[in-house]
Q: 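One structure follows; several queries about it will come next.
Proteins come first, then strands; the chains are lettered A, B, ... in the order of their sequence lines, and each starts at number 1.
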Number of protein chains: 2
Amino acid sequence: MARRKTDSDWVQTAFSSLREAGYRTGGARSQVVELLGCEDCALTALEIDRRLRAVGRASVYRTLEQLEGLRLVQRVDLGGEAAGYERVSPGGHHHHHIVCESCGKVVPFEDPGLERAIKRVSLEASFEVAEHDVTLRGICARCNG
Amino acid sequence: MARRKTDSDWVQTAFSSLREAGYRTGGARSQVVELLGCEDCALTALEIDRRLRAVGRASVYRTLEQLEGLRLVQRVDLGGEAAGYERVSPGGHHHHHIVCESCGKVVPFEDPGLERAIKRVSLEASFEVAEHDVTLRGICARCNG
DNA sequence: ATCTGTGCAAATAGTTTGCATCCTC
DNA sequence: GAGGATGCAAACTATTTGCACAGAT
């Protein structure tokens, strides 16, 4: 699920957006951005904190909040106790998740038809819709025996 | 958003499902079920606890967990700090949510086309998909000025 | 009578905040 | 040098658990 290939476009974009937004470039924030850049699916704040020993937990949360505000990162609830965060490629395709209720496995998927349906609903709504997320829950093939 | 008309079908079903599942009928659980039965959109555990003064908080959480396990209730993450819970009418239509990122307002919506798209994805997936939820986030008309 | 359900209080887990210090601009 | 960025520890909030007692079957 986790790709080791960094999405340097996103990392690049993230840094410039942060700069434009008036944030200075400190070590903690950069590390969080870099980490999110090489992870394709959701990571919880605690996982990030665990992987980034040198970074304080508070900084992880603060950075995630800022990135979320700039829509560079999206928060997703995958049913576990902690919230997940994953990068959003501006304009690029994004994915949704299927979660196994038995073993907790999370699998990402994409579906153009689903995106179209959501787009349509978004346009009809009285809200100005900026983002969306979809979560399917069920039992994975392995757990299903 | 909150209807005052109890969905007695659901309440009925909930009680029989609970009984079938081997749960005894105690006062706390009944009160939670009744409350969920007359609320059409999501309620947090804390809201339920607040409204049901006589019921212990732990019982609220325990009941919600049991109901969720029986798929009588669905947990939804609406971005706030607490998780929301709302009843699921077996076989009946369900709704999704649009959340205002500015004022927190939650508006439910239904869309057959969206449901179809999700149905299709569910069938294609390697998982045995049992439920799903969709959340749109944006700015409501009022906040948008 | 038995064994589950319930409330209370304590324990956890995740997240946020206060503050002194460090570092970027 | 000034003001944001960071780490640490304390504070909070939501949720879970332990346990003695009440209540359902």
Q: Could B:R51 and B:E39 be called an ion pair, given the rule that one side-chain N must be under 4.0 Å from one carboxylate O?
A: yes
Q: Could you work out, with side chain to side chain donor-acceptor pair (under 3.5 Å) as the rule, every residue matching A:Q31, not counting sequence neighbours?
A: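 Partners of A:Q31 under the side chain to side chain donor-acceptor pair (under 3.5 Å) test: none.
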Q: Mind running a 4.0 Å heavy-atom check of residues 53-60 of chain A against DNA chain C and sending the residues that fall below it, in number order?
A: A:R57, A:A58
Q: In terms of heavy-atom contacts, does CD of B:E65 have more than 12 from other residues, nucleotides or ligands at under 6.0 Å?
A: no
Q: Can you list everything that forms a side chain to side chain donor-acceptor pair (under 3.5 Å) with A:Q74? Sequence neighbours excluded, please.
A: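 For A:Q74, no residue satisfies side chain to side chain donor-acceptor pair (under 3.5 Å) once neighbours in sequence are set aside.
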Q: Around atom CZ of A:R71, are there more than 12 heavy atoms of other residues, nucleotides or ligands at under 6.0 Å?
A: yes
Q: Taking A:L114 as the starting point, is it possible to reach B:I98 by hopping between hydrophobic residues whose side chains are less than 4.5 Å apart?
A: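 Yes; A:L114 is reachable from B:I98 via cluster members.
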Q: Could you check whether atom CD of A:E128 has more than 12 heavy atoms from other residues, nucleotides or ligands sitting under 6.0 Å from it?
A: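 No, because the 6.0 Å sphere around CD of A:E128 holds 12 heavy atoms or fewer from other groups.
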Q: Any salt bridge (charged side-chain N to carboxylate O under 4.0 Å, His left out) involving residues 109-119 of chain B? Give me the pairs, sequence neighbours left out, ordered by first then second residue.
A: A:R120-B:D111
Q: Taking any atom under 4.0 angstrom from a heavy atom of chain A, which nucleotides of DNA chain D are the first and last to qualify, 5' to 3'?
A: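 The contact span of chain A on DNA chain D goes from D:dG3 to D:dC8.
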Q: Taking A:S59 for its side chain and A:V55 for its backbone only, find out whether a donor-acceptor pair lies under 3.5 Å.
A: no
Q: Please identify each residue that fulfils side chain to side chain donor-acceptor pair (under 3.5 Å) with B:R87, with sequence neighbours left out.
A: B:D7, B:D40
Q: First and last nucleotide of DNA chain C in contact with chain A, 5' to 3', at under 4.0 Å to a heavy atom: what are they?
A: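 Nucleotide range in contact with chain A: C:dG14 to C:dC25.
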Q: Just report the end-to-end axis angle for the helix from C:dA1-D:dT25 to C:dC25-D:dG1, five pairs per end, to 10 degrees.
A: 30°
Q: So does B:E34 pair up with B:R29, basic N to acidic O under 4.0 Å?
A: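 Salt bridge absent between B:E34 and B:R29.
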Q: Tell me the ring pair (Phe, Tyr, Trp, His ring centres under 6.0 Å) pairs involving residues 112-145 of chain A, sequence neighbours left out?
A: A:H94-A:H132, A:H96-A:H132
Q: Between B:E68 and B:R75, does any NZ, NE, NH1 or NH2 come within less than 4.0 Å of an OD or OE carboxylate oxygen?
A: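 Here B:R75 does not pair with B:E68 in a salt bridge, since their nearest N and O are not under 4.0 Å apart.
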Q: Filter on salt bridge (charged side-chain N to carboxylate O under 4.0 Å, His left out), then keep only pairs touching residues 13-25 of chain A, sequence neighbours left out; what's left?
A: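 Every pair satisfying salt bridge (charged side-chain N to carboxylate O under 4.0 Å, His left out) with a residue in residues 13-25 of chain A: there are none.
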Q: Hey, quick one: are B:L64 and B:V11 part of the same hydrophobic cluster, counting side-chain heavy atoms closer than 4.5 Å, chains of contacts allowed?
A: yes
Q: Among B:I48, B:L43, B:T44, find the one that has a side-chain contact (heavy atoms from CB on, under 4.5 Å) with B:L46.
A: B:T44
Q: Identify, residue by residue, the members of residues 14-32 of chain B with a heavy atom below 4.0 Å from DNA chain D, and return them in order of residue number, or none.
A: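 Under 4.0 Å from DNA chain D: B:R24, B:T25.
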Q: Output yes when a side-chain donor or acceptor of A:W10 lies under 3.5 Å from a complementary backbone atom of A:L72, and no otherwise.
A: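 Yes; at least one donor-acceptor contact below 3.5 Å.
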Q: Do any of residues 62-81 of chain B sit with a heavy atom less than 4.0 Å from DNA chain C, and if so which?
A: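 When residues 62-81 of chain B is checked for heavy atoms under 4.0 Å from DNA chain C, the hits, listed by number, are B:R62.
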